[in-house]
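Structure first, commentary second.
Chain identifiers are assigned alphabetically (A, B, ...) following the order of the sequence lines, protein sequences preceding nucleic acid strands; residue numbering begins at 1 within each chain.
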Amino acid sequence: MAVSTNTILICAGGACISAGEKSVKQVLEEKLREYALDGVVRVVETGCMGACDLGPIVAVFPEGVYYQKVNAENVKKIVEEHILKGRVVEEMLFEGPQGKITEEVHEEHPFFKKQVKIATRNLGIIDPMNIDEYIARDGYFALIKTLTQMSPEEVIETVKKSGLRGRGGAGFPTGLKWELTRKSPADKKFVVCNADEGDPGAFMDRSILEGDPHTVLEAMTIAGYAIGGQKGYVYVRAEYPLAIERLRNAIKQAREYGFLGENILGTDFSFDIEIRIGAGAFVCGEETALMNSIEGKRGQPNVKPPYPAQKGLWGYPTLINNVETFANIPPIIIKGADWFASIGTETSKGTKVFALAGKVKNTGIVEVPMGITLRELIYDIGGGVPNGKKLKAIQTGGPSGGCIPAEYLDTPVDYESLKKLGAIMGSGGMIVMDEDTCMVDVAKFFLQFTVDESCGKCVPCREGTKRMLEILEKITSGEGEEEDIEKLEELGQTIIDSSLCGLGQTAPNPVLSTLKYFKDEYEAHVKEKICPAKVCKSLIRYVIDPDKCVGCTACARVCPVNAISGEVRKIHNIDPEICTRCGSCIEVCRFGAISKVSP
Amino acid sequence: MEKSICEQHEKLYAELDKFIEEIHADGSALIEVLHKAQQLFGHLPVEVQEYIAEKLNIPVSKVFGVVTFYSFFTMKPRGKHQIKVCLGTACYVKGADRLMDRFKEELGVEEDGVTKDGLFSLHGVRCLGACSMAPVVMIGENDFYGRVTPDEVPKIIRNYTK
């Protein structure tokens, strides 16, 4: 076996790939060959390293030096300076809110320091296409332990004792779900992994599937053993082709190694896993709809009960957990329930993976212990709001969740505390919003989403959400009347009370939570016809400040509808009747002369 | 001319048959088969749906029901290059709607419309899961553009008209 002096890890997560990771890898390998280093320096593509906005990221080991924003040009420096001469390339170093760091990035850097990695323990460390690397990090050890040393009841007892709750959003105790499925009598049972991560702004499950697919397969097999199941399905959304590719490869490898298939590890337990691909329907994240979709039907939900644990796929008892929930299982089996239960709060054990996005400096994937405050999450790890803007709200739980205003920043992140605020833990999407975000517009955005995605089976969701959207459209276009706000509240409550499935029952949340905390913004739209954040097109105008305009004509040239008049070196003017509020003029003005006003 | 199109279709149907055989498809694999068919034919016209129904031994009404339920499947042809503007929350907060407007303007089509030359079709899509690069645009299956500003739209389009 060749001895390597250095290992270079390249993050091949979704964001880094889109930032040009492939060409970086190509140039890096060419350069190494040029210096005849390709035999001693190993290049490994890993899953998501988490700091998505700084990609592509390259890490050089054993030193543990991380480089950010590497491109096909400056990657040569890493070879010529760092690898050949042992000199760290200062100007490319990974930079966080607290400055540059050179060594032991995982311990010292605040982006990593406050994180506890359980579900994402292998992300950015192993090559997801290579089962041996997973095994080297204790991979499949938990499966060996369960099959050779534990009875199914002991496995379930361990999961129950760990306090793990479903990470898909609702937070149902995982061990209890396993037990209920085990106790349902049937000659056939199924395990399903819900990888239909549909919440806009959430990409945790995508990162786990792409970065560590084997952990999901291992956990599903353990679950199969615990409930007495024979077959598993991973239901992945079609928007994640890379995750599908890596899962397919992982299943093939696991079969070759005897971790899947007949008589696993020589025991009499047999289990196999297949992939099913979604086709773009948000409602398929709901478990009964998902199972209909696996059966090749329209993905519409069924009435519960019966629950999937009693009657699931093709009428057989089915255990259904989401990706992150499964990713927690192997460490719980290896390290024990007490270890897991020692992390987190009284009722929310372990960690939660969040996808930080929106108006925050460090966007990416973070895993934190339950009970951390929103402030630590947004400021210490996320680096705060960029461009000196003020934080306005944090949106969690996607279209089923709510907005938490800035004054509740010290709330601990756990299932109960977030629920109390009218938001939910959700699957882990966390969108930061600043003062330029209009909360009425955000509510409208989510309602638009649920109207599009309502499957149409039950009336409250199909018709009710549409009526709510119409009212919001009325308000944002300046036609709102005072009773509209009351109507929204009443309609929202009715939809929550009477909808068939989780989609409808939570659809009004974005409206109700913004109404709760930002009623003044709604009232400004309705009573004064003002959009305080200057977002709603019908309520704003673009104006040119005569003191700042130098008459450079840049704005007039860029305006798509010729709404700007004015001669060279003379003050320009925008005709509000023609202007479509596209905002192109603000972008090109180098003198800051154009601004939005409302009304 | 007409014959060559028929011949081409025959080839596509043969490839679809091969796929159905390979995965031992029955009615429960309908969605997989439709994915493959759309990849081959570009869209799912009624003839293709009837063919699949017969192959899998299920009613055409069921195939039609599934095709119309899922947003990934389309019965109308799409452009050679499908422009997908992500309308997820993070992208929306960072101005994806203005990006969409600019594409509409530059291409002269509405959402889900196809340009006259058949080169482009424009689609607003669900969160692509690349929120840290917001706002994002995907063209076809592989070309990804992150942190796009409306001003960059004409340049992006030019990449495909050359």
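Atom CD of B/E22 sits in a crowded spot, with more than 12 heavy atoms from other residues, nucleotides or ligands closer than 6.0 Å. For B/F64, the CZ atom is loosely surrounded, since the number of other residues' heavy atoms within 6.0 Å does not exceed 12. By the 6.0 Å contact criterion, CG on B/N57 is open, its count of non-hydrogen atoms from other residues, nucleotides or ligands being 12 or less. Within a 6.0 Å sphere centred on CD of B/E50, other residues, nucleotides and ligands contribute more than 12 heavy atoms. Within a 6.0 Å radius of NZ in A/K69, no more than 12 heavy atoms belonging to other residues, nucleotides or ligands are found.
With chain B as partner, the option from A/C455, A/S293, A/S584, A/S207 having the largest number of non-hydrogen pairs under 4.5 angstrom is A/S293. Top candidate by heavy-atom pairs under 4.5 Å with chain B, chosen from A/C582, A/G55, A/G299, is A/G299. Taking chain B as the reference chain and counting heavy-atom pairs below 4.5 Å, the highest number among A/I277, A/I17, A/V360 is found for A/I277. Of the listed residues (B/R98, B/M138, B/R126), the greatest number of heavy-atom pairs within a distance under 4.5 Å of chain A belongs to B/R126. Counting heavy-atom pairs under 4.5 Å between each of A/V558, A/D441, A/V588 and chain B puts A/D441 at the top. For chain A, the option among B/A90, B/G65, B/G146 with the highest count of heavy-atom pairs below 4.5 Å is B/G65. Contact count against chain B (heavy-atom pairs under 4.5 Å) is highest for A/K359 among A/K359, A/Q448, A/M433. The candidate from A/P200, A/G280, A/A279 with the greatest count of non-hydrogen atom pairs under 4.5 Å with chain B is A/A279.
Of the atoms belonging to A/V535, not a single heavy atom falls under 4.5 Å from chain B. In this structure, chain B has a heavy atom under 4.5 Å from the side chain of A/E587, while its backbone stays farther away. Using a 4.5 Å cut-off between heavy atoms, A/I431 touches chain B through its side chain atoms alone. Of the two parts of A/C438, neither the backbone nor the side chain holds a non-hydrogen atom closer than 4.5 Å to a non-hydrogen atom of chain B. Within the 4.5 angstrom heavy-atom criterion, no atom of A/V442 approaches chain B. At a 4.5 Å heavy-atom cutoff, the contact between A/R276 and chain B is made by backbone and side-chain atoms alike. For A/K22, no part sits under 4.5 Å from any heavy atom of chain B, backbone or side chain. Only the backbone of A/I275 comes within contact range of chain B, judged by heavy atoms closer than 4.5 Å. Only the backbone of A/I294 comes within contact range of chain B, with at least one heavy atom under 4.5 Å from a heavy atom of that chain. Contact of A/Q300 with chain B is made through backbone and side chain together, with heavy-atom distances under 4.5 Å. Interface residue A/V283: only side-chain heavy atoms are found under 4.5 Å from chain B.
A side-chain N or O of B/D26 and one of B/S28 form a donor-acceptor pair less than 3.5 Å apart.
For the pair A/R206 and A/Y240, the cation sits on the ring face: its NZ or CZ lies under 6.0 Å from the ring centre, inside 45° of the axis.
Below 30°, between 30° and 60°, or above 60°: for B/H9 and B/F41 the angle between ring planes is above 60°, a perpendicular geometry.
For the atom pair CG (B/L107) and CD1 (B/I83), the distance works out to 5.0 Å, reported to the nearest 0.5 Å.
Screening residues 69-95 of chain B for salt bridge (charged side-chain N to carboxylate O under 4.0 Å, His left out) gives B/K84-B/E141 as the qualifying pairs, with residues at least two apart or on separate chains.
A/E295 places a side-chain N or O within 3.5 Å of a backbone atom of A/W314 that can act as its donor or acceptor partner.
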Check against side chain to side chain contact (heavy atoms under 4.5 Å, CB included), B/E32 and B/I23: CA-CA 9 Å; B/E32 265 67 27; B/I23 62 164; 4.3 Å; yes
